[in-house]
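Note that the coordinates shown come from a computational prediction; the quantities given were computed from them, not determined experimentally. The analysis underlying the following values was restricted to heavy atoms, covering all of them including side chains, and did not include hydrogens, waters or symmetry mates.
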Amino acid sequence: MTQASPSDDGADPAERVEHRWAALSVVIVVLLVVIATFAGLRQAAMPQARVETVDPRTLHLGGEFIESNLGSALEPDGSITVRGIGQQYSFTPSWIVVPTDTRITFRTTSADVVHGFLITGTNINLMLVPGYVSSLKARFETPGERLMPCHEFCGMGHEGMWGRIKVVDKAAFARLAADRRRLSCVE
């Protein structure tokens, strides 16, 4: 009968611990794959709760996105609704005015191809898809000017597709809104 050396006694328990951790790691990875697969399939199978459509060929003829309805509008509840259109190679309106510390709803769409609507320095980021209305609620805490580049390649003039947003004090916005129904292109 041979006697086990002290190094052999420690190898067996250590090997079992390693096998357990390896098995646990495999189980965790498999569980994450199952969760990701389930979430992806469920998202693909379930439609969005609310999808708004619009005919991109007739945006300018009537409805919510006619030219006289674009820009910032003060709603009866005190919130602001900003309506806009992305089209090759511009945003309409190209300059948007909004107040600070106010709930703002951006409602935008595209008249031709997919565009991106991004406001620098914020988490506002929308895809403008022809035929669909993209909507996002936001609030600006500080006044200032921000850029709105198109971040989805939309054709040869894409690099020149920029807009601006001017965030002004709430009182200044109220003075501007008293004179006009819609605000845009204010310098």
Side-chain angles (χ1 to χ4, degrees), residues 39-40 42-56 58-60 62-88 90-154 158 161-187:
R42 184 176 187 287
Q43 181 68 26
M46 303 298 277
Q48 293 178 356
R50 182 174 176 211
V51 176
E52 293 181 73
T53 60
V54 64
D55 186 355
T58 60
L59 286 174
H60 63 288
E64 179 179 6
F65 292 99
I66 59 172
E67 189 172 350
S68 62
N69 207 22
L70 300 178
S72 302
L74 182 61
E75 299 297 334
D77 66 354
S79 67
I80 304 296
T81 300
V82 176
R83 289 179 180 84
I85 298 174
Q87 56 197 353
Q88 290 180 320
S90 66
F91 289 108
T92 305
S94 62
W95 190 306
I96 299 170
V97 180
V98 295
T100 57
D101 299 320
T102 306
R103 191 179 82 230
I104 300 165
T105 303
F106 289 94
R107 293 184 52 79
T108 56
T109 190
S110 171
D112 45 27
V113 299
V114 175
H115 295 285
F117 181 86
L118 171 77
I119 299 178
T120 58
T122 69
N123 63 349
I124 298 171
N125 184 353
L126 293 169
M127 280 185 71
L128 309 183
V129 180
Y132 296 93
V133 176
S134 298
S135 183
L136 180 75
K137 294 187 185 312
R139 181 181 299 265
F140 294 94
E141 302 298 325
T142 57
E145 231 177 86
R146 293 172 177 84
L147 295 175
M148 295 184 327
C150 174
H151 62 82
E152 293 287 335
F153 183 74
C154 55
H158 165 73
M161 189 170 172
W162 289 82
R164 292 184 183 172
I165 186 162
K166 186 173 186 177
V167 182
V168 298
D169 182 69
K170 213 172 188 177
F173 185 86
R175 285 191 302 272
L176 292 171
D179 297 340
R180 295 182 225 142
R181 188 173 150 257
R182 299 275 170 194
L183 292 176
S184 63
C185 300
V186 176
E187 297 182 0

Under 3.5 Å, side chain of Ser79 to main-chain N/O of Arg103, donor-acceptor pair present?
-> no
Identify each donor-acceptor pair in which a side-chain atom of residues 115-123 lies under 3.5 Å from a protein atom, sequence neighbours left out, and give them as a table.
| residue | atom | partner | partner atom | Å |
| --- | --- | --- | --- | --- |
| His115 | NE2 | Asp112 | OD1 | 2.8 |
| Thr120 | OG1 | Leu147 | N | 3.2 |
| Thr120 | OG1 | Leu147 | O | 3.4 |
| Thr122 | OG1 | Ile119 | O | 2.6 |
| Thr122 | OG1 | Ile124 | N | 3.2 |

Please check if atom CZ in Arg164 has more than 12 non-hydrogen atoms from other residues, nucleotides or ligands closer than 6.0 Å.
-> no
At their closest point, which heavy atom of Thr102 faces which heavy atom of Pro99, and how far apart are they?
-> OG1-CG, 3.6 Å
Evaluate the criterion side-chain contact (heavy atoms from CB on, under 4.5 Å) for residue pair Ile80 and Leu74; output intermediate values, then yes/no.
-> CA-CA 5 Å; Ile80 304 296; Leu74 182 61; 3.5 Å; yes
Of all heavy-atom pairs between Phe91 and Gly163, which one has the smallest distance, and what is that distance?
-> CD1-N, 3.8 Å
Between Asn125 and Leu136, which heavy-atom pair has the shortest distance, and what is it?
-> N-CD2, 4.2 Å
Can you measure from CZ (Arg83) to CG (Leu59) and round to the nearest 0.5 angstrom?
-> 13.0 Å
Between Cys154 and Val113, which heavy-atom pair has the shortest distance, and what is it?
-> CB-CG2, 3.7 Å
Residues passing the side chain to side chain contact (heavy atoms under 4.5 Å, CB included) test with Asp101, sequence neighbours excluded, are Glu141
Could you pull out the closest heavy-atom pair between Pro93 and Gly84, with the gap in Å?
-> CD-CA, 4.2 Å
Return yes if a side-chain donor-acceptor contact under 3.5 Å exists between Thr92 and Glu67, otherwise no.
-> no
Rounded distance [0.5 Å steps], NE2 in His151 versus CE in Met161 = 10.0 Å
Heavy-atom side-chain contact between Thr105 and Glu75 under 4.5 Å | no
Partners passing side chain to side chain contact (heavy atoms under 4.5 Å, CB included) against Thr53 (at least two apart in sequence or in another chain) = Val51, Tyr132
Nearest 0.5 Å, what's the CG-CG distance between Asp169 and Leu176?
-> 10.5 Å
Do Glu64 and Thr109 pass the side-chain contact (heavy atoms from CB on, under 4.5 Å) test, and can you show the C-alpha distance, the side-chain angles, and the key distance before you say yes or no?
-> CA-CA 11 Å; Glu64 179 179 6; Thr109 190; over 6 Å; no
Hey, does the side chain of Thr81 reach the backbone of Ala73 with a donor-acceptor pair shorter than 3.5 angstrom?
-> no
Report the C-alpha separation of Phe106 and Ser134 in whole Å, then their side-chain angles, then the decisive distance to 0.1 Å, and conclude whether the side-chain contact (heavy atoms from CB on, under 4.5 Å) test is met.
-> CA-CA 8 Å; Phe106 289 94; Ser134 298; over 6 Å; no
Search all heavy atoms of Glu152 against all heavy atoms of Cys150 and return the closest pair with its distance.
-> O-SG, 3.2 Å
Minimum side-chain heavy-atom gap Ser72-Val82 below 4.5 Å | yes
Rounded distance (nearest 0.5 Å) linking atom CE of Met148 with atom OG of Ser94 | 7.5 Å
Between the CZ atom in Arg175 and the NZ atom in Lys170, the distance rounded to the nearest 0.5 Å is 14.0 Å
Taking the side chain as every heavy atom from C-beta outward, state whether Phe173 and Lys166 have any atom pair closer than 4.5 Å.
-> no
